[in-house]
Amino acid sequence: MKPRTFPRKPRNFKERIEHARDRFRARMEAAGARDVWARFGGRIGVVLAGGGARGAYEAGALLAFQDAGMPTHVISGASIGGINAASFAAHSRGLVGNAEHLIRTWMKLTSEGVGIDWSRYIWKLVGLVAFWAGVGNLSLVMLESRGVHLNLPHPILTWTLLAVAGVSVMLFYDTIPYFGYLLKNMVSRTALRRAGFSPHRGRALASLGANLLVWGSFIALLLSVGVLNFLAELLHPAIAAAAVVAVGASVGLRLFAPRLLQTALHKLLRLPFRRGLFNNFNRTRLLRRSISERKLRESPIRVVFPAADVNEGPPIYFSNATAEALAGDPGAKRAFAEGVSSPHDLVLALAATSAVPLAFEPIRYRGRLLADGGLVANQPIRPAVHLGADVVFLVLMEPMESRREPVRTFLDMGLRALNILLLQTFLTDRKTLEGINEMCATAAESLGLRPEEVEVDVGTRTYRYVKAFTISPKRALDAGRLDFGGAATSRAIMQGYRDARRAVTAFLEYARESHYGGERRGLRLQAVPQPDSVGH
């Protein structure tokens, strides 16, 4: 009897994704998806959120849309979502986008490739060390020229202690003051008790250890250079007078002009920094290589993405189509379409919409300073609806509820705060959309129609039913916003592909029964509170 053979389990990402694609395409073909899309009378929109390196999840979702042969009429994206949207449209075949080039780009992507180069701060540190080494050696030369000499009996020990003292201060600068604060207030225990103050034992011990390490290495350093003999040589009247003046000036500024001192220190410490940690050169160059501006403009898929005006605040919307073309699309709101700009340099506008605050410098464009569009519209639902989308796929890279990665640095804290703000904005927009849909469904039921067959007038606004499918991971993705490359990228692509397959399958069943494309029945409501303008 011939032994039974089983198909070999896919071993690497390429085999796994191809295996998943083959199965999904076969399933769509068996379900007659092509005929369903051909009969579907509505406009399909895709909404892509921002999220940095987690955008690989969106690339996987877009690949599922391609494999389903699903047409995309309008796609809006913020930050990395705008870049994914542009690549998907630029390689499209008609209204069916193509994400294969996008997937290949993501698999090759590295943090260095997008300009995240922490070595630039090593150079800044080297420059700072070189500056103070020059100042210190210049001071020693000037002292020696006046007969004052610094002798190092044990140079290896001296420089080792200096390094230990410097590293200790750098690592424990925020821990050191706590023990001094406790000592200072030992004499006022009663006042502390009245204020409800109770010293933290662990923090006090950590501060004590940090003080012993820092001050111990500093005192040992002074003893190793023979500081007493050196101070005796410094008793030259001119040198002593200069030292007294310098110390007096420092104390005086601290006591009587603290604002002037703080301003001077603030300006000094800002010198090594710019508006962002990294510049945009590598990122913009990568975008120009990956996305053909000509093909993007020629694509029938409407791409719209926001950027934040750093100085003015409101979102600025860019598109690959002109305002006139957008206004002429079915269901598009002329008032919104006329406010969308088709820039002469689409790639530079894409670089602007993805300039994550703190991480990348904002981009100057036509006299404006532009930054990440996620600041003002991270989940740009409104643009897709305003440009006529009847069905929207909302692609998120954050789970609705999940533990987040730990916050360790100021950059982590800034990005976490941004994530919280953006998620709340999305939840607000989605809740507004759900409220509008519920109102339309109620009105349709009273007329014996389906929700998509009616539109409701409330005051001066007109609302219509927009079916939404949310695609989001159940658990937090492995990669952080700036962690490009590595195995986390392929895992995010696979997860996005799987999650989008389920949403497309659900939409396919919905599309069979929907009644889009016909003229909607109007209904006017009077005493109903007006929802926000998502559906207007």
Side-chain angles (χ1 to χ4, degrees), residues 47-62 76-88 102-103 105-118 275-284 286-287 290-291 305-308 350-363 370-380 395-399 402 404-423 425-426 471-473 475-493 495-496:
V47 180
L48 303 177
R54 297 169 183 168
Y57 179 85
E58 292 178 341
L62 293 173
S76 62
S79 193
I80 194 65
I83 294 175
N84 286 336
S87 179
F88 187 63
L102 181 62
I103 296 293
T105 301
W106 271 103
M107 291 303 297
K108 296 176 183 177
L109 211 55
T110 62
S111 295
E112 293 77 11
V114 298
I116 299 177
D117 182 10
W118 293 102
R275 294 188 178 101
L277 293 175
F278 311 108
N279 60 39
N280 296 291
F281 176 77
N282 286 348
R283 198 162 55 89
T284 305
L286 176 64
L287 288 175
S290 303
I291 299 173
F305 52 93
L350 286 169
T353 190
S354 56
V356 179
L358 298 180
F360 294 106
E361 297 177 3
I363 288 179
L370 303 181
D372 196 319
L375 291 172
V376 287
N378 184 61
Q379 188 77 13
V395 187
L396 295 171
M397 287 172 278
E398 289 281 343
S402 173
R404 313 297 180 187
E405 68 277 6
V407 173
R408 295 188 177 92
T409 68
F410 79 97
L411 186 58
D412 294 335
M413 188 65 239
L415 295 177
R416 172 66 57 79
L418 180 62
N419 284 342
I420 293 172
L421 172 65
L422 301 181
L423 181 59
T425 301
F426 163 71
I471 301 171
S472 66
R475 295 181 297 275
L477 299 174
D478 295 340
R481 276 182 172 259
L482 303 180
D483 300 327
F484 291 88
T489 298
S490 58
R491 288 195 295 268
I493 292 172
Q495 191 170 346

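As the structure is a computational prediction, the values presented were derived from the model and not from experiment. Computation of the quantities below employed the complete heavy-atom set of this structure, encompassing side-chain atoms and omitting hydrogens, waters and symmetry-equivalent molecules.
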Test log, rule side chain to side chain contact (heavy atoms under 4.5 Å, CB included), inputs Val395 and Asn84: CA-CA 12 Å; Val395 187; Asn84 286 336; over 6 Å; no
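With sequence neighbours excluded, the residues satisfying side-chain contact (heavy atoms from CB on, under 4.5 Å) with Leu286 are Leu109, Val114, Ser290. Evaluation of the ring pair (Phe, Tyr, Trp, His ring centres under 6.0 Å) rule for Phe88 yields no partner, not counting sequence neighbours. Residues forming a side chain to side chain donor-acceptor pair (under 3.5 Å) with Arg283 (at least two apart in sequence, or on another chain): Asn280, Ser354. Under the side-chain contact (heavy atoms from CB on, under 4.5 Å) criterion, Ser111 pairs with Ile116, Phe484, not counting sequence neighbours. By the side-chain contact (heavy atoms from CB on, under 4.5 Å) test, Ala56 is found to be paired with Trp106, Thr489, Ala492, Ile493, residues two or more places apart in sequence or in another chain being considered. With sequence neighbours excluded, the residues satisfying side chain to side chain donor-acceptor pair (under 3.5 Å) with Asp478 are Arg491.
When atom types are taken as modelled, the side chain of Glu58 and the backbone of Ala49 share a donor-acceptor pair closer than 3.5 angstrom. Here the side chain of Thr353 pairs a donor or acceptor atom with the backbone of Pro306 at under 3.5 angstrom.
The two residues Ser79 and Gly50 make their nearest non-hydrogen contact at CB-CA, 3.8 Å. Closest approach of Ile291 to Leu350, counting heavy atoms only: CD1-CD1, 4.0 Å. A pairwise comparison of heavy atoms in Leu102 and Ser87 identifies CB-OG, 3.7 Å as the closest pair.
The CZ atom of Arg54 lies 4.5 Å from the CD atom of Glu398; values are rounded to the nearest 0.5 Å. Here CG of Leu62 is found 5.5 Å from CG of Leu48. Values are rounded to the nearest 0.5 Å.
A heavy-atom distance below 4.5 Å is not found between the side chains of Phe360 and Asp372. Within the 4.5 Å cutoff, the side chain of Pro399 has heavy atoms near those of the Pro473 side chain.
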